[in-house]
Amino acid sequence: MSDSFHTRAPWQTPKADNQNSNTTIYLPHFASTRQALEHLDTNDSVNVLFPEVLKHYASEFVNGFPGDVLYAVKANPHPYVLNTLWKAGVHSYDVASLREVELVADLLPQAKLFMMHPVKSRKTIKRSYDLGVREFAFDDVSELYKIKEELPDAKDLSLHLRLSLPSEDAVYSLEGKFGASFEQAGDLIRKARTIAKAVGVTFHVGSQCMEPAAYRRALALLSDVLNTENLILDSVDVGGGYPVNYPGMEAPDLGQYFDVIASALQEYGFENHLILGEPGRALVAEGGACLVRVEMRRGNELYLNDGTYGALFDAGSPKWRFPVSLITDDGRDTVGNLEAFSFWGPTCDAIDYMEGPFLLPADVKEGDWIEVGNLGAYGQTMATKFNGFFAEHTITVDEEPIVWRGPIGSVISN
Ligand SMILES: *Cc1c(COP(=O)(O)O)cnc(C)c1O
């Protein structure tokens, strides 16, 4: 039953019958998380994927986003996820490392890959091109020279200038690390034109962006620069950042983001451009969970078999609260009200602590399991094997994830 895709890094998966995009990837499949736990009898935490939820969000984006959807592979590179999204109509992928390129090119040979890391090694540029990548990001003239030197004969490049934005509306700001300023844009776009067939811009408003208007503001800034500099682009990539509901963080509907983006594209004259978007979190977060077991209860602190070195990095120092639901060890009906708990992870490191509060029935006890939701993005993909604790199983489950079983606020919020 061990999931070979997770015990190895996903890019080490053996070549299967993947000559076409109809590869089927089989994972252990169960009706419910409780049934899975009874059957697996595992000592470790368990990663769960919800195929129907992955399909649901894939079609939300494919049908609702006013442009082409590029899945940001880093959010969850599991081959099952990639394959499910492909079958649901997501055919372009935002990749940032050579291993991500190789993984997707191998699994989905017909996928269109966008190498959107603005700072790449020379080998990554060359090998990505050899594997069929024609779309590359850059944010500096030195990267343009690098691309030109590595691909001197390429006549079919599309280059995407990464612009830096003030990301005041995002919970995770991406400001500061990558991106050219709007003042540099004109010069860089003109230089890129000399080596590329098509030139566009890309930006990222920051992850878990709670304010649809952030995309409009970015497009307004872009439009100003293009008018001032008298420039025309081939494409505009509005990046990722679409949010997901977490306890204490209620996000606007995806549809509001799509509406704001569509109307801003029209207002600022981009309707005839190729429009791209790079959702990661919102496409896959609700499609995954982690099942963790309570090894000890000390007051309202629970010691678990997964933590910040596992799937729960964001519950650590970023202090995110995730939706949680109890799966009692003995099938008992829980009694009492929900109470606030904090978690300790299994490693010997004291920073392996998750403050929460996580609201669980008052009678939670050792041996019980907890389903921690919304971990399809930036969950299992961030897990290490530190101290010998890691999930060996990734399974699929028919049952709905906890955030679909009831309004998140009625079960979880304080
Ligand atoms: C991480 C990332 C994304 C995905 O962001 P989400 O907030 O998960 O939607 C998209 N584009 C780039 C360049 C990224 O680095």
Side-chain angles (χ1 to χ4, degrees), residues 54 57-58 60-62 64-65 67-78 81-82 85 90 92-97 99-101 104 112-120 124 128 133 135-140 143 158-165 167-180 200-212 214-215 218 235-246 249 251-254 256-258 261 275-288 313-314 318 320 322 374-382:
L54 294 171
Y57 281 102
E60 285 255 308
F61 271 96
V62 170
F65 178 75
D68 287 358
V69 176
L70 283 49
Y71 170 50
V73 170
K74 77 171 185 288
N76 190 333
H78 196 293
V81 173
L82 296 172
L85 296 181
V90 176
S92 297
Y93 296 80
D94 160 17
V95 287
S97 64
R99 287 195 183 89
E100 287 183 352
V101 171
V104 185
K112 180 158 186 183
L113 302 189
F114 290 71
M115 169 39 89
M116 295 311 248
H117 199 305
V119 184
K120 297 165 285 300
T124 298
S128 297
V133 179
E135 315 273 339
F136 293 87
F138 72 102
D139 69 357
D140 192 280
E143 188 77 3
S158 291
L159 298 181
H160 302 264
L161 172 63
R162 173 77 176 262
L163 289 172
S164 159
L165 290 175
S167 47
E168 63 248 31
D169 301 309
V171 178
Y172 265 141
S173 170
L174 299 178
E175 208 180 340
K177 182 163 183 179
F178 296 128
V201 301
T202 178
F203 52 78
H204 197 299
V205 296
S207 203
Q208 186 71 6
C209 174
M210 301 299 279
E211 182 51 69
Y215 294 85
S235 65
V236 177
D237 179 349
V238 301
Y242 311 93
V244 163
N245 281 324
Y246 298 92
M249 261 195 274
D253 287 343
L254 279 177
Q256 290 186 44
Y257 289 79
F258 300 158
I261 291 168
I275 303 302
L276 309 168
E278 303 171 349
R281 181 188 307 279
L283 201 43
V284 296
E286 290 181 11
F313 178 88
D314 282 338
W320 283 34
F322 287 88
N374 285 359
L375 285 171
Y378 310 120
Q380 67 179 81
T381 185
M382 316 248 298

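Computation of the quantities below employed the complete heavy-atom set of this structure, encompassing side-chain atoms and omitting hydrogens, waters and symmetry-equivalent molecules. We count residues from 1, following the sequence as given. Start at 1 and go down the list; that is how both ligands and their atoms are numbered.
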Item to check | Over all atoms of both residues, closest heavy-atom pair of A137 and K120 | outcome: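 Heavy atoms of A137 and K120 come nearest at O-NZ, 2.5 Å.
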Item to check | Minimal non-hydrogen separation, N245 against N374, with atom names | outcome: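 Looks like O-ND2, 2.6 Å.
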Checklist entry - Heavy atom under 4.0 Å from ligand 1: found in T202's side chain, backbone, both, or neither? => result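 Contact part for T202 vs ligand 1: neither.
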Next on the checklist: For A72, which part has a heavy atom under 4.0 Å from ligand 1: side chain, backbone, both, or neither?
Outcome noted: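 Only the side chain of A72 comes within reach of ligand 1.
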Item to check | Heavy-atom side-chain contact between P77 and T381 under 4.5 Å | outcome: yes
Checklist entry - If we only count heavy atoms from C-beta on, is the P243 to Y257 side-chain gap below 4.5 Å? => result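 Sidechains of Y257 and P243: in contact.
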Considering both backbone and side-chain atoms of [X], is one of its nitrogen or oxygen atoms within less than 3.5 Å of a nitrogen or oxygen in ligand 1?
X    : answer
Q208 : no
G241 : yes
G280 : yes
R162 : no

Contact atoms of ligand 1, heavy-atom distance to [X] under 4.0 Å:
X    : result
R281 : 6 (P), 8 (O), 9 (O)
S207 : 6 (P), 7 (O), 8 (O)
D94  : 10 (C), 11 (N), 12 (C)
G240 : 9 (O), 10 (C)

Checklist outcome for this item: Exactly one candidate in V73, L70, V69 meets side chain to side chain contact (heavy atoms under 4.5 Å, CB included) with Y93; the answer is V73
Checklist entry - Would E135 and H160 satisfy side-chain hydrogen bond (donor to acceptor under 3.5 Å, both in side chains), going step by step from the backbone distance to the final call? => result CA-CA 7 Å; E135 315 273 339; H160 302 264; 2.7 Å; yes
Item to check | Derivation of the side chain to side chain contact (heavy atoms under 4.5 Å, CB included) call for V101 and T124 | outcome: CA-CA 9 Å; V101 171; T124 298; 5.7 Å; no
Checklist entry - If you measure from each heavy atom of Y378 to ligand 1, is any distance below 4.0 Å? => result yes
Checklist entry - Heavy atom of M116 under 4.0 Å from ligand 1? => result no
Item to check | Worked check of ring pair (Phe, Tyr, Trp, His ring centres under 6.0 Å) between Y215 and Y242 | outcome: CA-CA 10 Å; Y215 294 85; Y242 311 93; 5.1 Å; yes
